[in-house]
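The first residue of the sequence shown is numbered 1, and numbering continues consecutively from there. Computation of the quantities below employed the complete heavy-atom set of this structure, encompassing side-chain atoms and omitting hydrogens, waters and symmetry-equivalent molecules.
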Amino acid sequence: MSLAARRRALWGQAFRQRSVWLRAVRLGLSVGFLQAVVNQGDHWAAGAVDGTVLLKSIVSPLIGFALVLVSAAETWVQRTEEQLQS
């Protein structure tokens, strides 16, 4: 099996790991919600919510979730590779 094929297989395994998804939910969504509050909270408090503010308020947590999901999966892949080399 080539190195690229092994890494693809590890990435597939990483995205099936409960710990990877839990980290993304805990860290990604919480940071994303915080980011939404900081960036759009003043609009919500003033009652000036339009479609754009609503969309940004929804997308911010999703971006945080996606970033942490990929980061957690990369960490899982790297640790697994290290364990296989030992």
Side-chain angles (χ1 to χ4, degrees):
M1 178 183 280
S2 72
L3 177 62
R6 188 178 75 203
R7 279 194 60 84
R8 272 193 304 276
L10 286 175
W11 274 91
Q13 290 176 6
F15 284 115
R16 290 190 298 271
Q17 299 300 311
R18 186 171 191 258
S19 62
V20 169
W21 287 92
L22 287 175
R23 180 173 289 181
V25 168
R26 278 193 320 265
L27 295 175
L29 288 181
S30 61
V31 169
F33 283 125
L34 180 60
Q35 181 182 4
V37 168
V38 168
N39 291 329
Q40 282 83 43
D42 55 336
H43 295 286
W44 284 95
V49 178
D50 59 8
T52 303
V53 171
L54 184 60
L55 181 63
K56 287 179 177 182
S57 297
I58 293 169
V59 170
S60 289
L62 296 178
I63 290 171
F65 174 81
L67 289 172
V68 175
L69 179 64
V70 171
S71 176
E74 174 66 22
T75 300
W76 190 91
V77 168
Q78 286 178 353
R79 287 184 179 165
T80 302
E81 283 180 327
E82 290 170 2
Q83 289 174 354
L84 291 174
Q85 291 174 359
S86 297

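Arg6 contributes atom CZ, which lies 5.5 Å from atom CD of Glu81 (distance to the nearest 0.5 angstrom). Interatomic distance, Leu55 CG to Asp50 CG, rounded to the nearest 0.5 Å: 10.0 Å. Rounding to the nearest 0.5 angstrom, the gap separating the CG atom in Leu22 from the CG atom in Leu27 is 10.5 Å. Separation of atoms CZ (Arg26) and OG (Ser19) is listed at 9.0 Å; rounding is to 0.5 Å.
The ring pair (Phe, Tyr, Trp, His ring centres under 6.0 Å) analysis of residues 67-86, with sequence neighbours excluded, yields no pairs.
Cluster annotation: Val70 and Leu10 are assigned to the same hydrophobic cluster (Ile/Leu/Val/Met/Phe/Trp/Tyr, side-chain heavy-atom contacts under 4.5 Å, transitive). Phe65 and Leu54 fall into different hydrophobic clusters, where Ile, Leu, Val, Met, Phe, Trp and Tyr are joined by side-chain heavy atoms under 4.5 Å apart, directly or via other members. Both Val20 and Leu29 are part of a single hydrophobic cluster, where members link through side-chain heavy atoms under 4.5 Å apart.
Looking at every heavy atom in both residues, Gly12 comes nearest to Arg16 through O-NH1, 3.2 Å. Across every non-hydrogen atom of Arg23 and Val68, the tightest pair is O-CG1, 3.6 Å. Between Phe15 and Leu69, the shortest heavy-atom contact is CE2-CG, 3.8 Å.
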Side-chain donor-acceptor pairs of residues 37-48 under 3.5 Å, sequence neighbours excluded:
{"residue": "Asn39", "atom": "ND2", "partner": "Gln35", "partner atom": "O", "Å": "3.3"}
{"residue": "Trp44", "atom": "NE1", "partner": "Ser57", "partner atom": "OG", "Å": "2.8"}

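Side-chain contact of Gln78 with Glu74: a donor-acceptor pair under 3.5 Å is present, judged by distance alone.
Side-chain contact check for Val77 versus Thr80: every heavy-atom pair is 4.5 Å or farther apart.
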